[in-house]
Amino acid sequence: MLDCFIYIYKFIIIIFLNIALRFVKTKFVIAFAKRVRLDVRYAWGYERLHFLTAKGGVIYKLGKLHAYYILTPTDRGVAWGCAMESTFRIINLIYFCRKYELKINAVDTYIEEELDFIKNNLEIHSINNHISFNYAGLVMASVYLNKPTKMYVDELSLILARQFNMDGSNFEASTSYHVLMIEMLCWLKEFTPKSFDEIAGQINLYGALEFMRFITYKEGLHLIGDNDDSVCIKEINFKALQPKRVAYKENREIQLDNIHFTLPYQNIDKKPVFECFGASTLICDDIELILWNPKPGQNGKCGHNHNDMLSISLLVDGSLFILDSGVPFYSVLRDEYRSATKHSCIVSVNEPEVFTGAFSSESKSIRSIKNRADTIIADISYQDQMIRRDIVLLKGKGFRVHDSSSKVSNLLYSQLILHPLVDAVKENDWTLRLTRLDTLDSIIIVVDKGNDIVISNTHISERYGALKKTKLIKIIVKTEELKWYILKK
């Protein structure tokens, strides 16, 4: 039933936002979409000129490109809803021309049109990735059109200095937006190497790549905070293509490979903690546990934050077992997927934050995370209580988890969201076996006697606009504190 709703909902978005309202003033289209809760972000995915990297010859793509701009007049339809979207189109236009060694006046005109739109519609209200993309688009388009760039380079340098924390992690509390920002830097490096060198000197670039290494694994990306699957280019950089290379199906795979091609990160040693972001890891043989306690993003404005404080991710031999649920849309379902009930965390009577309504909500909480030898200690304080999660490495065995609250009555349960390929079987009232169906790897969850383990169903969103059914584990507290264990089989 839910799958049917998602399919119909996406179909309605395309019919109205990408087709029926194409020649209506943009401000009215955006207002209409917000009023009836149609997902503008999903519609934008069809307006980024990704057809320039799809199948087809150059003449066919040029014809489609000319038709696109004829059917997409400035200030009409959803395409011109924000200046960041112009940067996506600029990147695809420049990439297309470089790949096929083209210099066509009409394409230059389209790039200039996008450049002018950004200049006239800078998202100065934004302190997040939008304003960064605005100025990145101005730099790339100006270099391509042989226009002055110094003012844009200087401004982008200042903006990026605020976008990355001192340790190189993302200041929006979102792993997905960290990856998107790094991909944008890669295309800056490809298209404007001199400007890139100047801009990159203003951030901890190596730290940003260390964080890339931390948040990725062999199957993809740990989804913490908002994530919408945005990618700049939907094909492997043509410079990296080899004969008979296996085709990629997922946008995220393409994005991560393009980043590694331009800014290699996959062979960097994994750093154990990123205190500025709020993340730390412990490793027991082939089992890796990550504890997330993201700081209030965007200097406390929390625009992309979720209630994922003290949340756990767990991998066995590089395959994901326990995860966070992601978010399927930024319109419907968003508030539900931002709540603590959709994360592998401690669920309290009063959630630490309630990210609903206004996009940017001030945070009143104080959060910390420390990695001391074989122990991670993390807590969040808000109102008049503190919730804490301590994780201790049991060498050769696994991990001990201790969950507590300064108000015992406020500690309801701890929960774990499983990967769709992980099966859960109760061996007795306090022992649970988790098995990955594709690899047959297993781990054991053990809780102190007196507490209950409940298995139910839920949904996760591994990619934007899609849901998958999976298992949800609740460890319900019946004692004054909760201690439980993740053990090797």
Side-chain angles (χ1 to χ4, degrees), residues 26 44-45 47-53 58 61-62 64-66 68-70 72-124 126 128-160 163 180-200 202 230-235 237-239 258 262:
T26 299
W44 279 338
E47 303 290 339
R48 293 176 174 174
L49 305 185
H50 288 310
F51 61 80
L52 293 176
T53 55
V58 177
K61 291 178 180 179
L62 280 172
K64 200 169 180 179
L65 179 63
H66 297 323
Y68 176 85
Y69 277 97
I70 291 171
T72 314
T74 306
D75 200 31
R76 291 290 190 275
V78 73
W80 305 99
C82 80
M84 181 180 184
E85 294 306 305
S86 285
T87 297
F88 281 106
R89 291 192 286 271
I90 287 169
I91 291 173
N92 277 274
L93 287 166
I94 295 175
Y95 178 86
F96 174 70
C97 291
R98 287 168 62 96
K99 179 178 179 179
Y100 295 106
E101 300 180 349
L102 301 174
K103 187 64 177 174
I104 300 173
N105 290 337
V107 176
D108 290 359
T109 301
Y110 301 148
I111 294 175
E112 184 131 27
E113 182 180 355
E114 302 287 0
L115 174 68
D116 290 340
F117 181 80
I118 296 175
K119 287 193 293 186
N120 294 326
N121 296 275
L122 284 169
E123 296 172 87
I124 55 176
S126 162
N128 59 22
N129 57 84
H130 280 245
I131 192 65
S132 300
F133 262 71
N134 290 178
Y135 277 98
L138 292 175
V139 171
M140 287 185 273
S142 296
V143 170
Y144 184 81
L145 297 171
N146 295 315
K147 292 176 176 286
T149 62
K150 186 178 187 319
M151 180 177 67
Y152 303 140
V153 170
D154 290 347
E155 191 63 30
L156 181 57
S157 297
L158 293 174
I159 291 169
L160 289 180
Q163 287 283 306
L180 183 61
M181 290 293 294
I182 297 298
E183 188 194 5
M184 178 268 285
L185 287 174
C186 287
W187 295 114
L188 268 173
K189 181 176 173 64
E190 285 284 312
F191 301 156
T192 64
K194 290 183 179 179
S195 298
F196 170 82
D197 290 341
E198 183 175 344
I199 292 165
Q202 304 303 311
S230 287
V231 299
C232 297
I233 297 290
K234 285 192 175 182
E235 78 168 19
N237 191 327
F238 69 91
K239 295 180 180 178
N258 278 337
T262 305

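Looking at every heavy atom in both residues, T26 comes nearest to G77 through OG1-O, 2.9 Å. For the pair I90 and L115, the tightest heavy-atom approach, listed with the atom from each and the gap, is CD1-N, 4.3 Å. Between I118 and A83, the shortest heavy-atom contact is CG1-O, 3.8 Å. Listed here is the closest heavy atom pair of Y68 and A79: OH-CB, 3.7 Å. The shortest non-hydrogen separation linking L93 to Y110 is CD1-CB, 4.1 Å. For the pair R48 and S230, the tightest heavy-atom approach, listed with the atom from each and the gap, is NH1-OG, 3.1 Å.
The shortest distance between side-chain heavy atoms of L188 and M184 falls below 4.5 Å. You'll find the side chain of L62 reaches within 4.5 Å of the side chain of F96, heavy atoms only. You'll find the side chain of T53 stays beyond 4.5 Å of the side chain of F238, heavy atoms only.
Of the possible donor and acceptor atoms, none in the side chain of N92 sits under 3.5 Å from a partner among the backbone N and O of I233. Counting only distance, with no hydrogens or angles, the side chain of Y69 and the backbone of V107 share no donor-acceptor pair below 3.5 Å. Under the 3.5 Å distance criterion, the side-chain polar atoms of N258 are matched with a main-chain donor or acceptor of N237. Here the side chain of E198 pairs no donor or acceptor atom with the backbone of V153 at under 3.5 angstrom.
Between F196 and F191, the ring centre distance reaches or exceeds 6.0 Å. Taking the six-membered ring for Trp and the full ring otherwise, the centers of H50 and F88 sit at least 6.0 Å from each other.
Taking CD of E47 as the reference point, atom CD of E85 lies at 8.5 Å (rounded to 0.5 Å). Interatomic distance, E114 CD to L49 CG, rounded to the nearest 0.5 Å: 7.0 Å. Between the CD1 atom in I199 and the NZ atom in K189 there is a gap of 12.0 Å [rounded to 0.5 Å]. The OH atom of Y152 sits 8.5 Å away from the NZ atom of K147 when rounded to the nearest 0.5 Å. Taking CG from L180 and CG from L185, the interatomic distance works out to 10.0 Å, rounded to the nearest 0.5 Å. Put simply, CG on L160 and CD on Q202 are 9.0 Å apart, with the number rounded to the nearest 0.5 Å.
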If you look only at distance, which donor and acceptor atoms sit under 3.5 Å apart when one is on a side chain in residues 131-144 and the other is two or more places apart or in another chain?
residue: N134; atom: OD1; partner: E123; partner atom: N; Å: 2.8
residue: N134; atom: ND2; partner: E123; partner atom: OE2; Å: 3.0
residue: N134; atom: ND2; partner: H130; partner atom: O; Å: 3.0
residue: S142; atom: OG; partner: L138; partner atom: O; Å: 2.6

(request) Given side-chain hydrogen bond (donor to acceptor under 3.5 Å, both in side chains), test E113 with T74 step by step and report yes or no. (result) CA-CA 8 Å; E113 182 180 355; T74 306; 2.6 Å; yes
(message) Please evaluate residues D154 and M151 with respect to the criterion side-chain contact (heavy atoms from CB on, under 4.5 Å), reporting the C-alpha separation (whole Å), side-chain torsions for both, the decisive distance (0.1 Å), and the verdict.
(response) CA-CA 5 Å; D154 290 347; M151 180 177 67; 5.9 Å; no
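For the side-chain hydrogen bond (donor to acceptor under 3.5 Å, both in side chains) test, residues two or more places apart in sequence or in another chain that qualify with D108 are K103. W44 meets the ring-ring contact (aromatic ring centres under 6.0 Å, His included) test with no other residue; sequence neighbours excluded.
Between Y95 and W187, the ring-plane angle classifies as perpendicular under the 30° and 60° cut-offs.
With salt bridges taken as basic N to acidic carboxylate O contacts below 4.0 Å, none links K194 and D197.
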